[in-house]
Amino acid sequence: MCSSLYVSKHINLLHILAVMAIQLLLIRSVLCLNMTNAYLHHKCYVTQGKYKPGSVYEKELTRITHKISSTSDFSKGYERNLDGEGIFVSVILQCRGDSFGPKCRSCYDTALSGLRRRCPKYKGGIIWYDQCLLEFSGIDTVYQNDYDNNFCMSNSNKVSGDKNLFKTRWSTLLDNVTSIALEKEDNDPTLLYGAGQRSFGTYTLYGMVQCTKDVGKKGCKECFSYHIVHFQDCFSDKQGGRVLGRSCNFRVEFYPFVPNSVKM
Ligand SMILES: *[C@@H]1O[C@H](CO)[C@@H](O)[C@H](O)[C@H]1NC(C)=O
């Protein structure tokens, strides 16, 4: 699949070998990202405190997480579940737009054990993987943009050449991909997710954006606008980067990292 993108048509054997060696490295990183669902980051909501073993909070959290496992087919890629008998407990799962169904279930299982292990007994916390994010919380933050829990990861290599031109290019690409995400029908399960690519002569840029379902179109747009400005020093001149948050995330790379990206 991903590897076929890189098959060279040159006939010079040495050339092919050299190109393949370099591209194998690239393919490895692409395939690994796609298939192993890499852990990215987590944060324990320390200010919410910890729950006591055997407490109502623990029981409710366990019940809700089991309920998601047993009643969801993960086809919507988004789960928000809260009941709590007299207390507030919320669990949010957002899978990446290309990773619904079994992939989403698998990411949920990984994220659930990952978050429990990294934030033991914390009432709240959030964890990001390549294909999903999972949040527990004892405070209702839904339907509003959360600007406290976000971070940026970028390639340490800088782009060569005109940095302003590069910045214009990735921001245009993100703009276009955001339009894809926002222009979907309300009943489309991949609403608020967009992936696209754009060729600029010597290279192609690949971009992806996604918001969690609860923030809606307006909130989604605001979330991107905020993060693009707030984190621009982190990735504006880098060979790839991403910003992850509770409400929205986006990513730009020089190689394809999600399937079905729209050519623009
Ligand atoms: C991409 O975004 C740019 C800048 O906002 C806009 O001028 C252009 O029409 C968009 N192209 C597509 C294909 O959406």
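Values below: all heavy atoms of this structure, side chains included; hydrogens, waters and symmetry mates excluded. Keep in mind the model is a prediction, meaning the values are calculated, not measured. Counting convention: from 1, in listed order, for ligands and their atoms alike.
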Asks: Less than 4.0 Å from atom 5 (O) of ligand 1, is there any heavy atom belonging to the protein?
Replies: yes
Asks: Identify whether Leu112 and Tyr51 are in the same connected component of the hydrophobic contact network (ILVMFWY, side-chain heavy atoms under 4.5 Å).
Replies: yes
Asks: Does atom 9 (O) of ligand 1 have a protein non-hydrogen atom under 4.0 Å from it?
Replies: no
Asks: Determine, for cysteines Cys152 and Cys234, whether their SG atoms are under 2.5 angstrom apart.
Replies: yes
Asks: Does the protein place any heavy atom closer than 4.0 Å to atom 12 (C) of ligand 1?
Replies: yes
Asks: With a 3.5 Å cut-off and no angle check, do the side chains of Gln197 and Thr204 form a donor-acceptor pair?
Replies: no
Asks: Heavy-atom contact check, 4.0 Å cutoff: does Arg198 meet ligand 1?
Replies: yes
Asks: Atom 14 (O) of ligand 1: which of Asp175, Ile180, Asn176 has the nearest heavy atom?
Replies: Asn176
Asks: Is NZ or CZ of Arg242 both nearer than 6.0 Å to the six-membered ring centre of Phe257 and within 45° of the ring axis?
Replies: no
Asks: Is Ser106 reaching over with its side chain to a backbone N or O of Pro102, donor-acceptor style, under 3.5 angstrom?
Replies: no
